[in-house]
Amino acid sequence: MRTKVSTPLKGRRLLVAVSGSIAAVKTPLLVSALVKAGAEVRCLVTPSAAKLVSPLALATLSRHRCYGEDDEWDSSCSRPLHIDLADWAELILLAPLSATSLSRWSQGSADGLLASVLLACECPVLAAIAMNTAMWNHPAVQRNWELVQTFPGVVPLLPQPGLLACDRRGDGRMADPLLIELAATSLFSRGDAGPVAKLDWSGRRLLVTAGPTVEPIDQARLITNRSSGAMGVLLAQAARLRGAEVALVHGPLQVPEPWLESLHCHPVQSAAEMQMVLQQKQADVDAIAMAAAVADLRRVATGDVSTAGKAAKADLALRLSDGWELVPDLLQGLAARRPAMQLILGFAALTGEDAELLRRGEEKRLRKGCDLLFVNPIDRPGQGFGQARNGGWLLGNGWSKELPVTGKLQLAHQLLDALLALRQPSPASPVPADR
Ligand code: CTP
């Protein structure tokens, strides 16, 4: 298998524009993360933002001077600054976007450096809105927010619930800097040419499973596996950033918590709990992606094992050798019950030579009844469980396609492209088959 090295933000030109919301105090963390990811970052602050966050901190972290309102019509510049910045940026991150800046943007006002840049730019804009809950719920703000989403290239990042600086609880917090960084990375993960902001999953509902399931041996001990849940969570978040409504059913995860923002999350432990949620949700979705690593064995049901005490060490060998059953195949059950037009993507972590992986993968795809199966070898260095990268083969009905090792977010986009391609009316599938 070929290995493709790529860090999506490396060398990319990002303009971080900060407007007057208290969430601006978190923007330096975002700038620092973007610079560490290899991006070239410029910062711009509105006059209100400059009162909340230090332009010096932003300049230091971005390794470049931070622009403010007074720089706009500087007679020492040969070109207007707002045109220069708009032409320079490959992506603009509004972090945070305040009610005032939203209003100016939605009305097409050129009042101020930020407003002028937003009128002059032709690149995608990632908008992380933040304000007090009552302000956010005001019809005028909602109308402006709806309006800017009709502008080309706008990717919205919704306000998050929580305790606000005004001591109220509700929606209004800016998306976490880690999520904003993930969203920026996601836009640059759909090809090498530049950011892609197409909301092509808009109006579609996706159900994703992620992480391991956990089966109790007794009250103290567990059976589980090495899955971190990263592949499933990134797939869920990539789809959401492409406009999908996404429900995520997950076991214990080892991913940054902000990566779960704006997903409808259903945490579970056992395969039985996962199965129950999947059955409740199945009828409401257009596609299902089973990225969870479901545990293979569980105690034969004799009451709640997890509260039935801890087995003595001397009894453990017997406890482990007796009274177990195979966990039913959740994917197979979903495929058997699926409504017409629902698509199912499965995953298979396998070991062995390429030809053997493809043969076993195809047998598994047919047995489980899924439309697509992503097969990835887990016995090769630098990919798979617990790694940032993954690669393998995507198997469909009568075709297979190699997906070279790449970042899990890039892979997630390729899998979403393949699912969409199955729903496109054109006979020319965008997934070119190797065979
Ligand atoms: N899967 C499932 N329910 C199970 C086991 C697996 O839904 N009890 C799903 C996984 O989420 C994944 C796919 O089936 O999408 C393949 O997982 P894998 O572990 O390869 O399947 P097994 O059937 O357990 O494979 P094997 O017999 O090779 O161990």
Side-chain angles (χ1 to χ4, degrees), residues 1-18 26-44 57-67 84-95 117 121-128 153 155 157 175-198 228 230-231 233-235 237-242 255-256 258-259 380-384 386-392 402-417:
M1 277 193 78
R2 279 169 289 128
T3 300
K4 189 178 150 207
V5 179
S6 100
T7 43
L9 290 182
K10 196 166 176 5
R12 295 303 189 173
R13 300 184 305 276
L14 311 182
L15 176 64
V16 177
V18 194
K26 298 187 207 160
T27 308
L29 294 176
L30 171 65
V31 171
S32 171
L34 297 172
V35 169
K36 282 182 189 154
E40 251 187 88
V41 181
R42 304 275 184 273
C43 296
L44 175 171
L58 294 170
T60 308
L61 291 168
S62 65
R63 282 64 162 171
H64 194 277
R65 65 173 295 208
C66 172
Y67 298 104
D84 251 358
L85 288 175
D87 286 353
W88 175 85
E90 289 179 276
L91 173 67
I92 296 179
L93 295 90
L94 303 175
V117 168
C121 75
E122 289 171 322
C123 66
V125 178
L126 198 52
V155 178
L157 287 180
D176 191 280
L178 281 176
L179 185 76
I180 303 175
E181 181 198 358
L182 182 71
T185 311
S186 178
L187 293 179
F188 283 101
S189 295
R190 295 175 67 180
D192 295 328
V196 179
K198 219 163 111 193
S228 66
M231 190 64 237
V233 171
L234 290 173
L235 185 79
Q237 204 52 263
R240 196 196 65 79
L241 290 162
R242 287 168 71 160
V255 300
W259 285 10
R380 304 181 193 182
Q383 66 180 100
Q387 306 281 338
R389 305 164 69 73
N390 206 354
E402 186 179 352
L403 301 180
V405 177
T406 185
K408 284 185 174 172
L409 193 52
Q410 287 142 307
L411 180 64
H413 281 294
Q414 293 171 25
L415 297 175
L416 291 170
D417 289 342

What residues form a side-chain contact (heavy atoms from CB on, under 4.5 Å) with V196, not counting sequence neighbours?
-> R190, K198
Listed by chain and number, what are the side-chain contact (heavy atoms from CB on, under 4.5 Å) partners of C121, not counting sequence neighbours?
-> A86, I92, C123, V125
Is there a side-chain contact between D84 and R42 (heavy atoms, below 4.5 Å)?
-> no
Would you say L34 and I180 make side-chain contact, with heavy atoms under 4.5 Å?
-> no
Measure the [atom1]-[atom2] distance between [X] and [Y] for me, rounded to the nearest 0.5 Å.
{"X": "T60", "Y": "R65", "atom1": "OG1", "atom2": "CZ", "value": "13.5 Å"}
{"X": "L411", "Y": "R389", "atom1": "CG", "atom2": "CZ", "value": "10.5 Å"}
{"X": "L94", "Y": "L157", "atom1": "CG", "atom2": "CG", "value": "10.0 Å"}
{"X": "L409", "Y": "N390", "atom1": "CG", "atom2": "CG", "value": "12.5 Å"}
{"X": "E122", "Y": "E90", "atom1": "CD", "atom2": "CD", "value": "13.5 Å"}
{"X": "R13", "Y": "D87", "atom1": "CZ", "atom2": "CG", "value": "10.0 Å"}

Closest non-hydrogen atom pair between [X] and [Y], with its separation:
{"X": "A37", "Y": "E181", "value": "CB-OE2, 4.1 Å"}
{"X": "L30", "Y": "P177", "value": "CD1-O, 3.7 Å"}
{"X": "L241", "Y": "V155", "value": "O-CG1, 4.1 Å"}
{"X": "A238", "Y": "S186", "value": "CA-OG, 4.3 Å"}
{"X": "P258", "Y": "L179", "value": "O-CD1, 3.4 Å"}
{"X": "W259", "Y": "L178", "value": "NE1-O, 4.1 Å"}

Step by step, would you call V405 with R380 a side chain to side chain contact (heavy atoms under 4.5 Å, CB included)?
-> CA-CA 11 Å; V405 177; R380 304 181 193 182; over 6 Å; no
Under the 3.5 angstrom rule, does the side chain of S32 hit a backbone N or O of L61 as a donor-acceptor pair?
-> no
Going through the checks in order, is the side chain to side chain contact (heavy atoms under 4.5 Å, CB included) test met by F188 and L14?
-> CA-CA 11 Å; F188 283 101; L14 311 182; 3.7 Å; yes
Not counting sequence neighbours, which residues clear side-chain hydrogen bond (donor to acceptor under 3.5 Å, both in side chains) with R242? List them please.
-> D200, H413, D417
Starting from the C-alpha separation in whole Å, work towards a yes-or-no answer on side chain to side chain contact (heavy atoms under 4.5 Å, CB included) for Q237 and V255.
-> CA-CA 12 Å; Q237 204 52 263; V255 300; over 6 Å; no
CA sep, side-chain torsions, deciding dist, call: L58, V16, side chain to side chain contact (heavy atoms under 4.5 Å, CB included) = CA-CA 10 Å; L58 294 170; V16 177; over 6 Å; no
